[in-house]
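Keep in mind that what you see is a predicted model, and the values were worked out from it rather than measured. What's counted below: heavy atoms across the whole structure, side chains too, no hydrogens, waters or symmetry copies. Each chain gets a letter, A, B and so on, in the order its sequence line appears, and its residues count up from 1.
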Number of protein chains: 2
Amino acid sequence: MIKIGELSKVTGCSVQTIRHYEKEQLIASAERSEGNFRLYDEAAVEQLLFIKHCRSLDLSLPEIRQLLALNRSPGAQCDDVNRMMDRHIEQVEARIQELTKLNEQLRKLRRSCSNRRTVKQCGILRNLSATPVSSG
Amino acid sequence: MIKIGELSKVTGCSVQTIRHYEKEQLIASAERSEGNFRLYDEAAVEQLLFIKHCRSLDLSLPEIRQLLALNRSPGAQCDDVNRMMDRHIEQVEARIQELTKLNEQLRKLRRSCSNRRTVKQCGILRNLSATPVSSG
DNA sequence: ATTGACTCTATAGTTATTATAGAGTTTATA
DNA sequence: TATAAACTCTATAATAACTATAGAGTCAAT
Ligand SMILES: [Zn+2]
Ligand SMILES: [Zn+2]
Ligand SMILES: [Zn+2]
Ligand SMILES: [Zn+2]
């Protein structure tokens, strides 16, 4: 059994984050020592790594909670998992699109000024003041 | 002179957002009517549209505050504007990279399960439990 | 006994809004 | 004129996923 600091080192999650996950019911309430310290076993390490992996894929805590619940009912069909993943992937792709478009606009804007100009002549500020370019 | 609801309609910013921008000092405190209602003129409309344009480019409120300050000192060199834009563009591009990589991982993960499997056999959950693939 | 490292809970801060509650103002209608 | 509807005011809380405190308690070593 390890204490929370050790768990933090092993998993790379901060101590506060681990406590936060407990409060948010992503991990079960840990056993406590006599002095009221949280105690964790190997299973806790693995569950935390699972969560961390999910977070690295930008899955939200509610999404992860859903995955963990499914994990606990191994007989269920996994259509739900798939639906969630599809939706998540869709959102990521939409965000990529958005940012790509944004990036083009920013670069264009940036080209409208070279250094050592005066703010008064600055194309960036002038263009920012103009009505935003519509997407069409 | 128009009231805040009208300004909201004209600019497409919500009433609360406008009040928020005032509190955050992005726009000057509005004049007040006898009944203590905020009153705006055409200049306010334009400044709000400027802010909205900036926000649509994902510039943060502090960044916009900086732009507005520069806008008020037309004699200054605009190197600062450029530096900020460069940094902002860098961040957007970094985020695009991140999400693109993420998207690949998600799609790969998604392929590891077809519908009508059982959670127990689910490649998604199995793969999520495994240690994340390192980037190398 | 005391120090230092660790842990505990509770609370507040982060970003840019959005959503309330409860009170006051203005405009339109009966 | 009374009343209702629509609007506005301030202040406060919620959102997501942490991070950072404060103040107190625990534990191991000196
Ligand atoms: Zn998602
Ligand atoms: Zn410039
Ligand atoms: Zn930025
Ligand atoms: Zn599956």
Is [Y] paired with [X] through a side-chain N to carboxylate O contact shorter than 4.0 Å?
X        : Y         : result
Arg83(A) : Asp80(A)  : yes
Arg38(A) : Glu6(A)   : no
Asp58(A) : Lys101(B) : no

Roughly, in whole Å, what's the span from [atom1] in [X] to [atom2] in [N]?
X        : N       : atom1 : atom2 : result
Ile2(B)  : dT8(D)  : CD1   : C1'   : 14 Å
Leu26(B) : dT15(C) : CG    : P     : 13 Å
Arg32(A) : dT7(C)  : CZ    : C1'   : 10 Å
Leu7(B)  : dC9(D)  : CG    : P     : 11 Å
Lys52(B) : dA16(C) : NZ    : C1'   : 15 Å
Leu39(B) : dT25(C) : CG    : C1'   : 13 Å
Lys9(A)  : dT7(C)  : NZ    : C1'   : 13 Å

For residues [X] and [Y], determine if any side-chain heavy atom of one lies less than 4.5 Å from a side-chain heavy atom of the other.
X         : Y         : value
Gln16(A)  : Tyr21(A)  : no
Arg107(B) : Asn103(B) : yes
Cys13(A)  : Lys52(A)  : yes
Leu70(B)  : Cys78(B)  : no
Arg32(B)  : Leu39(B)  : no

Item to check | Distance (rounded to the nearest 0.5 Å) between Asn127(B) CG and Leu109(B) CG | outcome: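 Taking CG in Asn127(B) and CG in Leu109(B), the distance rounds to 5.5 Å.
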Checklist entry - Along nucleotides 12-18 of chain D, 5' to 3', which nucleotides get a B, which get an S, and which get a -, given that the test is a protein heavy-atom distance under 4.0 Å? => result -----SB
Checklist entry - Where along nucleotides 21-30 of chain D does protein come under 4.0 Å, by heavy atom, of base (B) or sugar-phosphate alone (S), with - for untouched nucleotides? => result ----BSS---
Item to check | Heavy atoms from other residues, nucleotides or ligands near CD of Glu24(B) exceed 12 (cutoff 6.0 Å) | outcome: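 Counting neighbours around CD of Glu24(B), more than 12 heavy atoms of other residues, nucleotides or ligands fall under 6.0 Å, so yes.
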Checklist entry - How large an angle, rounded to 10°, do the end axes of the helix from dA1(C)-dT30(D) to dA30(C)-dT1(D) enclose when each is built from five base pairs? => result 40°
Next on the checklist: Looking at Arg38(B), I'd like to know whether one of its side-chain N or O atoms comes within less than 4.0 Å of OP1 or OP2 on dC7(D).
Outcome noted: no
Next on the checklist: Is a donor from one side chain sitting under 3.5 angstrom from an acceptor on the other, for Thr118(B) and Gln121(B)?
Outcome noted: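 No, because no side-chain N or O of Thr118(B) sits under 3.5 Å from a partner of the opposite role on Gln121(B).
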